[in-house]
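Take a look at the structure below.
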Amino acid sequence: MNMEKDLRLSSILIRWYEANKRDLPWRNTSDPYAIWLSEVILQQTRVDQGYSYYNKFIQKYPKVDMLAMADEDEVLKLWQGLGYYSRARNLQAAARLIVKDYNGVFPRQHKDVLKLKGVGDYTAAAIVSISYNEPYAVVDGNVYRVLSRIFAINEPIDSGKGKKVFAELAQELLDDANAGLYNQAIMEFGALQCVPVSPRCDICPASSICLAYAQNKVAQYPKKAGKQKVRNRYFNYFDIRHGESMYLRKRGDKDIWQNLYELPLVETEKELTIEELQKDEKFKPLFEAASDVKIQYIRQIKHVLSHQIIYAIFYKVEVSEIRLEKEYLKIGVGDVDDYPVSRLVHKYLEQL
DNA sequence: AAAACGGGGCG
DNA sequence: CGCCCAGTTTT
C-alpha cells in the first residue's frame, strides 16, 4: 500500500517561510561547510548572537582546509565570547579529519556527517537536508515547540521516550521532496511565529490545524518532565454567610481548577495572619460594602498537587449586609452541593 | 539517565 | 538577580 503523505503542514510552513524568513548569510549557499559552520555556531545560540561570529569565521576560513590548518589558539580566540568552547575545538578537530580522511571534501553521507565531532542528530540532519536535500528531519527546540502545540503532544520533551516520539513524528511529517526547505521553515516558524512566550496565534497560519490552540492550551506546550519545582501558594478562603445565603465564584482560565467553583478567595504571596490579611490590598475590596463583619477562623488545610502545594486557611464570615462584584454568585446554603468544587474546597464544606 | 558545558534574555 | 534556554559529549 502506498499511503500518501499529508503535506498540509509542510505547505503552510513553507508558504509562511517564503514570506517571512530572515535574510541570513548562510541561507544564500548550499556549501555543506558553510551550513555546518552556521549550525554549530547556532547550537544553544540565538541568531543575533551568532551572526557576527559566522561572518568572522567564514571570512577567515572560507574553506574547510583553512580551518584545519589554523592554530587552535586562533580559532578559540575567534570563538571568544560565544560560549561552549568545546564546539570550537570539535569544529577544528572535524575539519582536520575532513582534510585527512575525505581529502578536504565535506562528507556526503548522513552516517559520515554524524560521526564528525560536535555533530549530533540535529546538526547532521540539518547539514544533509539543507546542503543535499537528504530526507532527514531536524528536531531542535523550535521543532519540539511547534509539533507539541500543533498535535497537543503531552509527552515531555526532556524524557527518553519523548525524544523518540518527537523524532519519529518529525520524520513522518517531513516533506521528503523539500527536506531542506521544510526543515528550515519549521525552525524559522518556531523562532519567529510559534515563539515560547505569548505567540500571536491570532495571526498564525497554522491556527486552524493547531490542536493546542483549539484547546486553548498553547502556553502549556511543550510539556517538560523537568525537575518540576513545586510552587507554594497561600489561599485564604472566606465562607461569607448572610442569613441562609453564601457566595461562590467560578475559577477562570490559566490556573488550576478551571471552571470549578470555590469560596471567595484572597491569594497571598506568603502565609498571613488574619490581622495582616485585613490590611492587604487584595482583602479590602471583598468587604468594602459589608456591615457588621465578624470573621471566625475555621481550619487550615494543606493541599498537595503535583506541581504546587496550597496552604489554605478557611474563615467563616458573618455579615448583616454585603454587596459583592457580580462575579460572586449568591446561592442558598443548601444548594452548595450542586456546584462542582475542588477537592480542597470539598474537604472544607463536608465537615461543616 | 544525568551532568557539564557559557553566555544572554527575561521578569 | 535567580531562572530559563537547549545540542553534544561525558559520566
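Below, chain A is the first sequence line, B the second, and so on; all start at residue 1.
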A:Q44 CD to B:dC5 C1', straight-line distance once rounded to whole Å: 9 Å

Protein-nucleotide distance (A:K161, atom NZ; B:dA1, atom P), rounded to Å: 12 Å

Sugar-phosphate, base or nothing in reach of A:V119, heavy atoms under 4.0 Å: sugar-phosphate

Rounded distance in Å between the P positions of B:dG6 and C:dT11: 14 Å

Ion pair check, A:E155 and A:K161, cut-off under 4.0 Å: yes

Side chain proximity check, A:K347 to A:H303, heavy atoms < 4.5 angstrom: yes

Under-4.0 Å salt bridge between A:E281 and A:K284: yes

Rounded distance (Å) that lies between atom P of B:dA2 and atom NZ of A:K163: 11 Å

Pair A:F106 and A:Y102, ring centroids less than 6.0 Å apart: no

Sub-4.5 Å side-chain heavy-atom contact between A:L192 and A:R22: yes

A:P196 vs A:L116, nearer the 5' end of DNA chain C by closest nucleotide: A:P196

Test: A:E267 and A:K282 ion pair at under 4.0 Å: no

Rounded distance (Å) that lies between atom C1' of B:dG8 and atom CD1 of A:I41: 17 Å

From A:Y339, A:Y348, A:Y237, residue fulfilling side chain to side chain donor-acceptor pair (under 3.5 Å) relative to A:E262: A:Y237

Whole-angstrom distance between B:dG11 and C:dA6, as gauged at atom P: 15 Å

Any N/O pairs under 3.5 Å between the protein and nucleotides 9-11 of chain B? List them or say none.
none

Inter-nucleotide P distance (B:dG9, C:dT8), Å rounded: 23 Å

Spacing of A:L42 atom CG relative to C:dA6 atom C1', expressed in whole Å: 13 Å

Side chain to side chain donor-acceptor pair (under 3.5 Å) contacts in which one or both residues fall within residues 202-211 of chain A, not counting sequence neighbours: A:R200-A:D202

Neighbours of DNA chain C within residues 120-146 of chain A, by heavy-atom distance under 4.0 Å: A:G120, A:D121, A:Y122, A:T123, A:D140, A:G141, A:R145

Euclidean distance, atom CG of residue A:L37 to atom P of C:dG7 [Å, nearest integer]: 17 Å

Spacing of the P atoms in B:dA3 and C:dC4 (rounded, Å): 15 Å

Criterion side chain to side chain contact (heavy atoms under 4.5 Å, CB included) on A:Y234 and A:L272, from CA distance to verdict: CA-CA 8 Å; A:Y234 304 91; A:L272 298 182; over 6 Å; no

Base-pairing string, 5' to 3', of DNA chain B - Watson-Crick or wobble, under 3.5 Å, | interstrand: |||||.|||||

Presence of salt bridge, A:R241 and A:D239, under 4.0 angstrom: yes

Interatomic distance where OH belongs to A:Y51 and C1' belongs to B:dG7 [whole Å]: 21 Å

NZ/NE/NH1/NH2 to OD/OE distance under 4.0 Å, A:E188 and A:K21: no

Evaluation steps, side-chain hydrogen bond (donor to acceptor under 3.5 Å, both in side chains), between A:N236 and A:T268: CA-CA 8 Å; A:N236 305 276; A:T268 50; 3.3 Å; yes

Touch class at under 4.0 angstrom, heavy-atom based, for A:Q49 against every strand present: sugar-phosphate

Within residues 75-89 of chain A, residues whose heavy atoms come under 4.0 Å of DNA chain C: A:Y84

Side-chain donor or acceptor of A:K316 paired with backbone N/O of A:Y297 under 3.5 Å: no

Interatomic distance, A:M187 CE vs C:dC5 P [rounded to whole Å]: 19 Å

Pairs flagged by side chain to side chain donor-acceptor pair (under 3.5 Å) wherever residues 106-121 of chain A is involved - sequence neighbours left out: A:R108-A:E134

Residue among A:F151, A:Y221, A:Y144, A:Y122 satisfying ring-ring contact (aromatic ring centres under 6.0 Å, His included) with A:F166: A:Y144

